[in-house]
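Read through the structure below, which is laid out as C-alpha cells, and then see the notes.
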Amino acid sequence: MSCCNLETDRLILRPPHAADIEPMLPLIGDWDVAKNLSRVPHPYSAQDAKDYLARSTQARAKGEDFGFAILRKWDGAFMGGCGVHLRPGHFELGYWLGKRYWGHGYATDAARRLVSFAFRELKIDRLMAGWFHDNPASGHVLEKLGFVPAGMEDRDCVARGHAMRCHVVSLSAADFTRQKKAEAA
C-alpha cells in the first residue's frame with residue numbers, strides 16, 4: 001500500500017510531503033512537543049524534517065511504516081503527525097500534535113482512525129504504543145481507544161538526551177472491534 005488518505009469528521013490523515021516542512025517546524029520544534037517523542041531531536045531543523053520524509057517514503061514502500069500528516073479538514077491546517085511503525089516483533093502506534101491543538105480531542109480522533117486503518121487495511125492483529133511517565137495526557141488518549149497496560153520500560157528520548165520511564169500499552173484487533181460495537185449499542 002503506497003498511498004492513502006484517511007478521514008474523520010474533523011481531520012484528514014495523508015502521507016507527509018515536502019510542503020509540510022514549513023508548518024511542521026514550529027510545531028514539532030516546541031520543547032513541550034519534542035520532549036514527549038522518542039526519536040525527535042530538539043532543536044528540530046528543516047534537514048531533520050527532510051530526512052524524516054525520505055525515511056518515511058522508503059519505509060512506506062517496504063510496508064514497514066505508515067506515517068501520516070494530520071490536517072484539519074475545514075481549513076487544511078497542518079496539526080501534527082501520526083503513524084503505525086514496524087518495530088522488532090510488532091507494530092507501534094505513535095502520534096503528536098502541535099501544542100496549540102492540544103485539548104480538543106484531535107489526538108484521539110487521529111489515533112482512533114489510524115488504529116482502525118491498522119486493523120482493517122493492514123490486517124495487524126495487535127498494536128503496541130508507549131507514553132512517557134510525565135505525559136499522562138497521551139496515556140489518556142490510548143486508554144480511551146482501549147489500550148491496556150503491557151509493562152514499563154526505559155525508552156530513549158533524543159530531545160532530552162537520556163532514557164525515560166515509558167508505559168507500554170497494547171490493543172488487539174478483537175478488543176478494538178468489541179469496544180466499537182459496545183460504543184455503537
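Under the 4.5 Å side-chain contact rule for hydrophobic residues, Phe91 and Val169 share a cluster. Note: the hydrophobic cluster containing Val115 does not contain Met128 (ILVMFWY, side chain heavy atoms under 4.5 Å, direct or indirect links). Follow the hydrophobic side-chain contacts under 4.5 Å out from Ile21 and you reach Phe78 in the same cluster. If you chain together hydrophobic residues whose side chains sit under 4.5 Å apart, Val158 and Ile28 never meet in one group. Grouping the Ile, Leu, Val, Met, Phe, Trp and Tyr side chains by contacts below 4.5 angstrom, directly or via other members, places Val84 apart from Val168.
Side chains of Arg126 and Ser170: a donor on one and an acceptor on the other come within 3.5 Å. No side-chain donor-acceptor contact under 3.5 Å links Gln179 and Asp175.
In Glu22, the CD atom is not crowded: 12 or fewer heavy atoms of neighbouring residues, nucleotides or ligands sit closer than 6.0 Å.
When all heavy atoms of Leu97 and Trp102 are compared, the pair lying nearest together is O-NE1, 2.9 Å. The two atoms that bring Met79 and Leu71 nearest to each other are SD-C, 3.9 Å, heavy atoms only. In terms of heavy-atom proximity, Tyr106 sits nearest to Tyr101 at CD1-O, 3.5 Å. Contact between Asn5 and Pro15 at its shortest, heavy atoms only, is OD1-CD, 3.6 Å. In this structure, Leu127 and Leu93 approach most closely via the heavy-atom pair CD2-N, 4.4 Å. Residues Pro26 and Pro23 share a closest heavy-atom pair of CD-O, 3.5 Å.
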What pairs of donor and acceptor atoms, side-chain ones from residues 131-151 against any protein atom, are under 3.5 angstrom apart with sequence neighbours left out?
{"residue": "Asp134", "atom": "OD1", "partner": "Arg160", "partner atom": "NH2", "Å": "3.1"}
{"residue": "Asp134", "atom": "OD2", "partner": "Arg160", "partner atom": "NH1", "Å": "2.8"}
{"residue": "Asp134", "atom": "OD2", "partner": "Arg160", "partner atom": "NH2", "Å": "3.1"}
{"residue": "Ser138", "atom": "OG", "partner": "Tyr95", "partner atom": "OH", "Å": "2.7"}
{"residue": "Lys144", "atom": "NZ", "partner": "Thr108", "partner atom": "OG1", "Å": "3.1"}

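Atom CD of Glu121 and atom SG of Cys4 lie 7.0 Å apart (nearest 0.5 Å). We find the CZ-CZ distance between Arg155 and Arg39 to be 8.0 Å, quoted to the nearest 0.5 Å. Here CG of Leu114 is found 7.0 Å from CG of Leu13. Values are rounded to the nearest 0.5 Å. Between Leu11 atom CG and Asp109 atom CG the span is 5.5 Å, to the nearest 0.5 Å. Expressed to the nearest 0.5 Å, how far SG of Cys166 lies from CG of Asp156 amounts to 10.5 Å. Atoms CG and CZ, from Leu6 and Arg14 in turn, are 12.0 Å apart once rounded to the nearest 0.5 Å.
For the pair Leu27/Val33, no side-chain contact is recorded, criterion being any heavy-atom separation below 4.5 Å from C-beta on. The shortest distance between side-chain heavy atoms of Arg10 and Trp74 does not fall below 4.5 Å.
Looking only at distances, a side-chain donor or acceptor of Thr57 sits under 3.5 Å from a matching main-chain atom of Leu53. Side-chain atoms of Ser56 never come within 3.5 Å of backbone atoms of Tyr52 as a donor-acceptor pair (strictly under, hydrogens ignored).
Relative orientation of the Phe176 and Phe119 rings is tilted, given thresholds of 30° and 60° on the angle between their planes. The aromatic rings of Trp31 and His42 sit perpendicular, their planes meeting at an angle over 60°, well past the 30° parallel limit.
Salt-bridge formation is not detected for the pair Glu7/Arg113: no Lys NZ or Arg NE/NH1/NH2 atom is positioned less than 4.0 Å from an Asp or Glu carboxylate oxygen. Contact check on Lys35 versus Asp30 returns no salt bridge, with no Lys/Arg side-chain nitrogen under 4.0 Å from an Asp/Glu carboxylate oxygen. With respect to Asp65 and Arg60, no salt bridge is recorded, no charged nitrogen being found less than 4.0 Å from a carboxylate O.
For the ring pair (Phe, Tyr, Trp, His ring centres under 6.0 Å) test, no residue two or more places apart in sequence or in another chain qualifies with His85.
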